[in-house]
Amino acid sequence: MAAHDATVTTPTGPGPARDFIRQIVDEDNRTGKWGGRVHTRFPPEPNGYLHIGHAKSICLNFGLAKEFGGQCNLRFDDTNPAKEEVEYVDAIQADVRWLGFDWEDRCFYASNYFGKLYAFAEQLIEKGLAYVDDQSQEEIRANRGTLTEPGTDSPCRGRTPAENLDLFRRMRAGEFPDGAKVLRAKIDMKSPNVVLRDPVLYRIKHVEHHRTGDAWCIYPMYDYTHCISDALEGITHSICSLEFENNRPLYDWVLDNLPVPGHPQQIEFARLNLSYTVLSKRKLIQLVTEKVVSGWDDPRLPTLSGIRRRGYTPEAIRDFCERIGISKAENMVDMALLEHCLREDLNRRAKRVMAVLRPLKVIIENYPEGQVEEIDFPYHPEDASLGSRKVPFSRELYIERDDFQENPPKKWFRLAPGAEVRLRYAYYVTCTGVVRDPATGEVTELRCTHDPATKGGWSSDGRKVKGTLHWVSAAHAKPAEVRLYDRLFTKENPSEGKGDFKDWLNPDSLEIIPDALIEPSLADFPVGERVQFERLGYFCLDPDSTPAKPVFNRSVALKDSWAKASR
RNA sequence: UGGGGCGUCGCCAAGUAGGUAAGGCACGGGGUUUUGGUCCCCGCAUUCGUGGGUUCGAGUCCUACCGCCCCAGCCA
């Protein structure tokens, strides 16, 4: 090992990983390329809601700026009015804020640059680097050539700057219908890179823009707009996804040929793929408009609004984005990692409460009728600062139906005929009998006895009990609706292979339990509060909740080693 | 058959003047535990897409293959 490694942190050392982008920034700072400046931007098109894949980009761009003492802009790439809506810009802003990032006073819109963009286009024309083409869309496509054959020049390619200027001004003035003409960059119709075969810069669209109204009837294309917007904002590192690698030469061409105030470096990284879901705007939009899900914030969706409603925390998502890393390799991240990040965060902060999803009645035969004990329950076993509350205990209780088995398998810790278990923080109880439905033979009720000497859940004689069950008092429990979510798709990558991705939708992705029972203290929790139903999972009080009918979304189940062992 | 990228453990991902494969998730085993949760130990790539070559030594250099992704929107 070289001696100069002394100050370098170890691979396991603190701080964010040195992914290749951070290394580029390090190098730029070392060489003084930007004078120490680091300025990034998150540039969504407002044509849909943000999802967990965007979170990766947001964390990267805003995180990078923060780490290097720089800034990150929010910029709406709103150059295609046909697809964009204000509803989306509002939702995007709310989601970025919720994730925990702040663009301060730097929320920009590409549409704010329409005037400058237009002036730059005239300059390109004057320099003989752009021309107006009369060809139809089909002709342009045909003349572009193929991946292996060069394209052929447009008959309009030889027009003089004066002609082009006149035509372009008339395009802008609204003299031509949609599709009649376009402005094209004059680069190289024979380029092996298809992107450089005289790309379209402006198209005519007599469409109202959500911000500029009907001020324009020509709109600039992404390739022309994005690089200039970056330059105008003083961006240093323009980070985008892999599919734009082919566009980078065009990004550079535009900036090289215009008197812009700088030349940002475009850097591409691999976008996120998550198993058992889809992260393509096109597909998400389809699920929403075809009502496969209830809306953009359906808790099964990987949208930020969806997982927020599901009970995911911004902290967990940011942690996830750090853990997956940044690279240029195509990837498919295991959903289990996202769930792990959530559990880790929630385990630390969620109050533990009791709820019974599928009730089975238990009568404590030797417990006095009419007696009620208020048992003090801590809200967290390892963090007393979360406080405690009183939970009523009485002769008639409900336990989880799954916690009783009449003919238990080996290593069964829970209740069974003759078995003794602990009711959490209450008493040891022993099952002494079962009551059945005479018609179906189904067990409808359990008879138990409790050991009064085990109050609080401890036995003084040192006898141990294998299982600890959660419970609610029948007379005091309140009703609640519980929604259990599972993966949206049954296939790891529903987008792969032939066939429609919707063929892989999981029919059991949502299970509603309309009549679960919750301990009384839970009725006072605020919407959005995240709790752990002991032994069942983490839950979040849904916005649909009313005091009369609380609705809980299960954020994620607890790890279940019994389920694993019994497999 | 053109051009641009990428290939390190089941899934992510470190590795960068060539020096003898980090870490996380998942998984398996053990301990603690009033959640079969948490927590704590321990295990988990003789090998870096493949074949050659250079070298005392190669994931890192050379070379030839193979595989996967992206590009022919007046979408972004």
Side-chain angles (χ1 to χ4, degrees), chain A residues 1-2 10-13 17-20 23 43-45 47 77 79-80 82-83 133 135-137 140-142 144-151 178-184 191-197 199-205 219 221-223 225-226 240-249 268 270 272 275 281-282 322-341 343-344 347-348 352 354 381-382 411-414 422-426 456-458 465-470 492 532-537 558-566:
Chain A
M1 260 308 145
T10 62
T12 51
R18 292 283 95 178
D19 54 68
F20 78 99
Q23 289 179 36
E45 181 188 15
N47 67 343
D77 231 328
T79 57
N80 186 357
K83 289 185 176 178
D133 196 342
Q135 292 182 109
S136 69
Q137 189 162 184
I140 288 179
R141 176 164 41 238
R144 185 147 32 221
T146 69
L147 296 179
T148 54
E149 300 157 330
D178 289 6
K181 290 180 177 7
V182 291
L183 182 72
R184 289 230 258 173
S191 172
N193 181 353
V194 188
V195 171
L196 297 180
R197 318 242 260 232
V200 171
L201 267 23
Y202 268 91
R203 75 287 215 186
I204 300 171
K205 265 182 199 277
Y219 292 95
M221 300 287 289
Y222 163 86
D223 284 308
T225 307
H226 202 91
C240 62
S241 46
L242 245 30
E243 64 267 32
F244 292 103
E245 280 182 313
N246 298 316
N247 302 53
R248 191 170 66 231
E268 310 85 9
L272 171 69
S275 60
K281 238 184 234 179
R282 199 204 111 240
E322 256 180 50
R323 292 196 193 212
I324 56 178
I326 301 293
S327 77
K328 296 190 72 165
E330 296 287 341
N331 58 77
M332 174 65 71
V333 175
D334 195 335
M335 182 72 98
L337 179 59
L338 215 209
E339 295 177 340
H340 167 83
C341 292
R343 284 196 196 96
E344 193 173 82
N347 174 54
R348 222 169 31 223
R352 272 91 236 252
M354 293 199 292
E382 279 126 29
K411 291 170 70 178
W412 176 254
F413 294 179
R414 290 171 256 171
R422 169 166 44 228
L423 293 182
R424 184 145 213 206
Y425 289 118
W458 285 115
V465 109
K466 294 174 296 185
T468 299
L469 307 188
H470 55 101
E492 182 178 26
Q532 184 196 90
F533 288 173
E534 279 172 332
R535 313 205 313 124
L536 297 174
L558 254 36
K559 282 199 170 182
D560 186 356
S561 54
W562 163 251
K564 255 174 234 161
S566 53

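Side chains included, hydrogens not; waters and symmetry mates left out as well; all remaining heavy atoms used. Letters A, B, ... are given to chains in the order of the sequence lines, protein chains preceding strands, and every chain is numbered from 1.
OP1 or OP2 of A76(B) has at least one side-chain nitrogen or oxygen of Thr79(A) nearer than 4.0 Å. At the phosphate of A13(B), neither OP1 nor OP2 sits under 4.0 Å from any side-chain N or O atom of Arg18(A).
At a threshold of 4.0 angstrom between heavy atoms, the contacts of Ser327(A) are confined to the sugar-phosphate backbone, with no base atom among them. Among the atoms of the strands shown, base atoms are found under 4.0 Å from some heavy atom of Gln532(A). If you check every strand for non-hydrogen atoms under 4.0 Å, Ile324(A) touches sugar and phosphate atoms only. Within 4.0 Å (heavy atoms only), Tyr219(A) reaches no atom of the nucleic acid at all. Among the atoms of the strands shown, base atoms are found under 4.0 Å from some heavy atom of Pro381(A). Residue-level contact check: Arg535(A) touches the bases, meaning some heavy atom is under 4.0 Å from a base atom. Counting any heavy atom pair closer than 4.0 Å across all strands shown, Arg144(A) reaches sugar-phosphate atoms only and no base atom. When heavy atoms are screened at a 4.0 angstrom cut-off, Lys205(A) is found touching the sugar-phosphate backbone but no base atom. Residue-level contact check: Gln135(A) touches the bases, meaning some heavy atom is under 4.0 Å from a base atom.
Between the side chains of Thr468(A) and Arg422(A), at least one donor N or O lies within less than 3.5 Å of an accepting N or O.
Judged by distance alone, the side chain of Arg343(A) and the main-chain N or O of Leu558(A) form no donor-acceptor pair under 3.5 Å.
Listed nucleotides G10(B), A76(B), U35(B) differ in distance to Glu243(A); the shortest reach to its side chain belongs to A76(B).
To the nearest 0.5 Å, the span separating CZ on Arg323(A) from CG on Leu338(A) amounts to 11.0 Å.
Here the side chains of Val200(A) and Arg184(A) are in contact, with some heavy-atom distance below 4.5 Å.
Judged by distance alone, with hydrogens and angles left aside, Asn246(A) brings a side-chain donor or acceptor within reach of the base of G3(B), the pair sitting under 3.5 Å.
Taking atom P on both C25(B) and G59(B), the two are 28 Å apart, rounded to the nearest angstrom. Here the separation of C70(B) from U63(B), taken at their P atoms, is 28 Å to the nearest Å.
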